[in-house]
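Naming: A, B, ... by sequence-line order, numbering from 1 per chain.
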Amino acid sequence: MKRLSKLLWVMWPLGCVPFVVLLWQGLSGALGPDPAKTFVAQLGWWAFIGLLLTLSARPLALWLKQPWLVALRRTFGLLSFAYASLHLIAWAWLLLGWDVRYIGDELSKRPYIIVGVSAWLCLLPLAVTSTRNSRRKLGKKWVRLHKLIFPAVLLVLVHDFWIQKSGYTEQVVFALVLFVLLGWRLMEYYKRRKNAQLAAFSAR
Amino acid sequence: MLIKTRKASDIPSSEITPESVYLNRRHFMAALAGGAVASGMSGNALALVGNPAAEDAGRPKWWRNAVEQRVDGMPNAKDSLTPYSDATRYNNFYEFGTGKTDPSEYAGKFKTDPWQVTIDGEVGKPGTFTLEDILKPHPLEERIYRFRCVEAWSMVVPWVGFSLADLIKRFEPTSKAKYVAFETLYDPEQMPGQSSRFSGIKWPYVEGLRLDEAMNPLTMMVVGLYGRTLPNQNGAPLRLMVPWKYGFKSIKSIVKITLTEKQPPTTWNLLAPGEYGFYSNVNPLVDHPRWSQSRERRLPNSLFDPNWHDTQMFNGYEEEVASLYKGMDLKKFY
């Protein structure tokens, strides 16, 4: 298993594939007649997928009894942040041409954009403190800080729902996946609290 | 019938659009005859006849003939045309799915013949008619209209059809008729989007116009596009085209037209009344609550240039239609 964990680095080049494919599609016309719009939306889609994968790493490791899989959390988390950042940059650059007037207008008037940017702001400190060094330095605070992924992913879900005109099938599927992933953690949390209480009680 | 005489300010489109881009009838027919395939050129306005919808060849003769015999209407959009391949592969037709390419992918087998249209309500001569009977008395025209979607993208399309006013007059509206209601076919077996559980839309799709809007000569019943019979994904066999309103007002695959005394319900207004009004006139000064309507991306565009155009009041048809809304607060009646 140790050997397998060494193979985790392949996730990085693999994680770049969607971006490269999208870029190629966008330049070749394969994204249709409104490529910038589609490009931005697709980057956001991958960022969301990345977040769901990040949240799946630990339950998956426990379920498959492969503890080394937990390391995927960091990889997926950083990839997701990269896609979220590209999504944000592509939006400001390709769609709005870095025009401060339009960007300011969108940031102040469009609720789903405010929600989306807030989600990105939640992810930013997580990416910054993703190094082993920071983790060591921050200790318990690091764990608490990284709980920001929960508001982030919920904001992303709201952002995604809010953009749609109608036809929420995909969003409903994402919401269900998220419900399972968060529900599992909630159950785990209550189980742990109960066990701690029992332990405290029997220690008395 | 020509819908209006040329105004002095209207420079013929052939003089404005570069000659290489402007498509006159002869070029177009030559392109058709030559079977010009230009699908690889879809950033280019010359790529007009990229892969025509397959169903055109199988359309009934009377329909193809009627489209063939069209005359030039007023080509008042001076903009260069959106390529055929984009106009027929980037569609909002939620009956076939919410993705932009869903309609072109899933509407191929949609049955448009035989087709019947019911005309009822406040008319002297109600009834159910075959499409052939509906079309018969109306010579068809080609009109180049700007098409502005509520999602802030736009196209320029040569439609083939006739003024709705001529159709309505045939059925003799009564003095009580104040509105016109339209209804799309409901057939979930053919239209998979109608059985989607999370669409939020109540089928069938319904739309409506005030009678004077419907009688405006710009308002068009469309049966063709780019000199061919209307592709299924664009709303075959019969759709509405109201060029100064957001695209969703121009209801597709119509089976029923009802003249009413009261304002009829409309699909998007039922779904989100705060976002889509009954009027839904193109108006750069009234934003959609979730996005700006001051600009539009003219399609096709490219990855590094969204091709923004400033959106025009009434989509540039102010002269023809502004009088319909005199004295109305368009922020309130959006």
Side-chain angles (χ1 to χ4, degrees), chain A residues 19 22-43 45 86 89-99 101-116 158-159 161-176, chain B residues 39-44 47 50 82-83 85-92 94 97-102 104 149-155 193 196-202 248 267-268 270-272 275-276 287-292 294-308:
Chain A
F19 176 68
L22 274 176
L23 194 63
W24 179 78
Q25 285 180 319
L27 292 171
S28 68
L31 286 187
D34 201 1
K37 182 81 180 169
T38 315
F39 186 72
V40 170
Q42 291 282 314
L43 288 172
W45 189 86
L86 287 167
I89 291 168
W91 165 77
W93 179 17
L94 303 179
L95 286 177
L96 302 176
W98 294 119
D99 189 319
R101 218 165 11 127
Y102 288 117
I103 293 175
D105 228 33
E106 299 278 293
L107 282 178
S108 56
K109 282 192 200 156
R110 318 278 161 231
Y112 70 90
I113 293 202
I114 299 167
V115 168
V158 171
H159 173 71
F161 260 102
W162 216 332
I163 295 169
Q164 307 303 319
K165 269 169 71 198
S166 97
Y168 300 103
T169 312
E170 190 180 282
Q171 285 68 29
V172 169
V173 171
F174 284 170
L176 283 176
Chain B
S39 50
M41 298 162 62
S42 71
N44 185 320
T82 298
S85 54
D86 291 332
T88 57
R89 271 183 230 157
Y90 193 81
N91 308 101
N92 276 334
Y94 284 12
T98 53
K100 295 282 186 286
T101 53
D102 286 346
S104 57
C149 178
V150 74
E151 296 166 5
W153 53 265
S154 62
M155 293 184 177
S196 162
R197 210 168 285 210
F198 301 107
S199 83
I201 292 176
K202 253 172 62 193
F248 67 85
T267 291
W268 282 97
L270 290 173
L271 184 75
E275 300 193 338
Y276 311 99
D287 282 352
H288 185 282
R290 288 184 280 153
W291 57 82
S292 166
S294 66
R295 309 189 287 171
E296 64 204 52
R297 296 184 306 281
R298 178 63 54 81
L299 307 191
N301 56 36
S302 69
L303 190 57
F304 291 100
D305 178 13
N307 198 16
W308 287 112

Report task. Sort B:Arg197 into side chain, backbone, both or neither according to what part of it lies under 4.5 angstrom from a heavy atom of chain A. Result -> neither

Requested in this report: Select one option (side chain, backbone, both, neither) describing which atoms of A:Gln171 are under 4.5 Å from chain B's heavy atoms.
Outcome: neither

Report summary line: To the nearest 0.5 Å, atom CH2 of B:Trp291 lies from atom CD of A:Glu106 at 11.0 Å

Requested in this report: Report yes or no: does B:Arg297 contribute a side-chain atom to a donor-acceptor pair with the main-chain N or O of A:Lys37 at less than 3.5 Å?
Outcome: no

**Report entry** Atom pair CG (A:Asp34) and CZ (B:Arg298), whose distance is rounded to the nearest 0.5 Å
**Finding:** 12.5 Å

Query raised in the report: With a 4.5 Å limit on heavy-atom distance, are the side chains of B:Trp268 and A:Ser166 in contact?
Result: yes

Requested in this report: Select one option (side chain, backbone, both, neither) describing which atoms of A:Ile113 are under 4.5 Å from chain B's heavy atoms.
Outcome: neither

Report task. Measure the NZ-CG distance between B:Lys100 and A:Leu31 for me, rounded to the nearest 0.5 Å. Result -> 13.5 Å

Report task. Mind ranking A:Gly32, A:Ala36, A:Ser28 by heavy-atom pairs under 4.5 Å with chain B and telling me who comes out on top? Result -> A:Ala36

Query raised in the report: Where does B:Ser196 contact chain A at under 4.5 Å (heavy atoms): side chain, backbone, both or neither?
Result: side chain

Query raised in the report: Closest approach of A:Leu95 and B:Trp308, non-hydrogen atoms and distance?
Result: O-NE1, 2.7 Å

Query raised in the report: Quick one: do A:Arg110 and B:Asp287 make a salt bridge, cutoff under 4.0 Å?
Result: yes

Query - Residue part contacting chain A, namely of B:Glu275, when any heavy atom lies under 4.5 Å - result: neither

**Report entry** Residue part contacting chain B, namely of A:Phe39, when any heavy atom lies under 4.5 Å
**Finding:** side chain

**Report entry** Side chain to side chain, B:Asn301 and A:Pro33, heavy atoms closer than 4.5 Å
**Finding:** no

**Report entry** B:Ser294 OG to A:Asp105 CG distance, which is reported to the nearest 0.5 Å
**Finding:** 7.5 Å

Query - Least distance between heavy atoms, A:Leu94 atom then B:Leu303 atom - result: CD2-O, 3.4 Å

Report task. Just do the side chain to side chain contact (heavy atoms under 4.5 Å, CB included) check on B:Phe248 and A:Lys165 with the steps written out, would you? Result -> CA-CA 12 Å; B:Phe248 67 85; A:Lys165 269 169 71 198; 5.8 Å; no

Query - From B:Arg290 atom CZ to A:Trp162 atom CH2, the distance as rounded to the nearest 0.5 Å - result: 9.0 Å

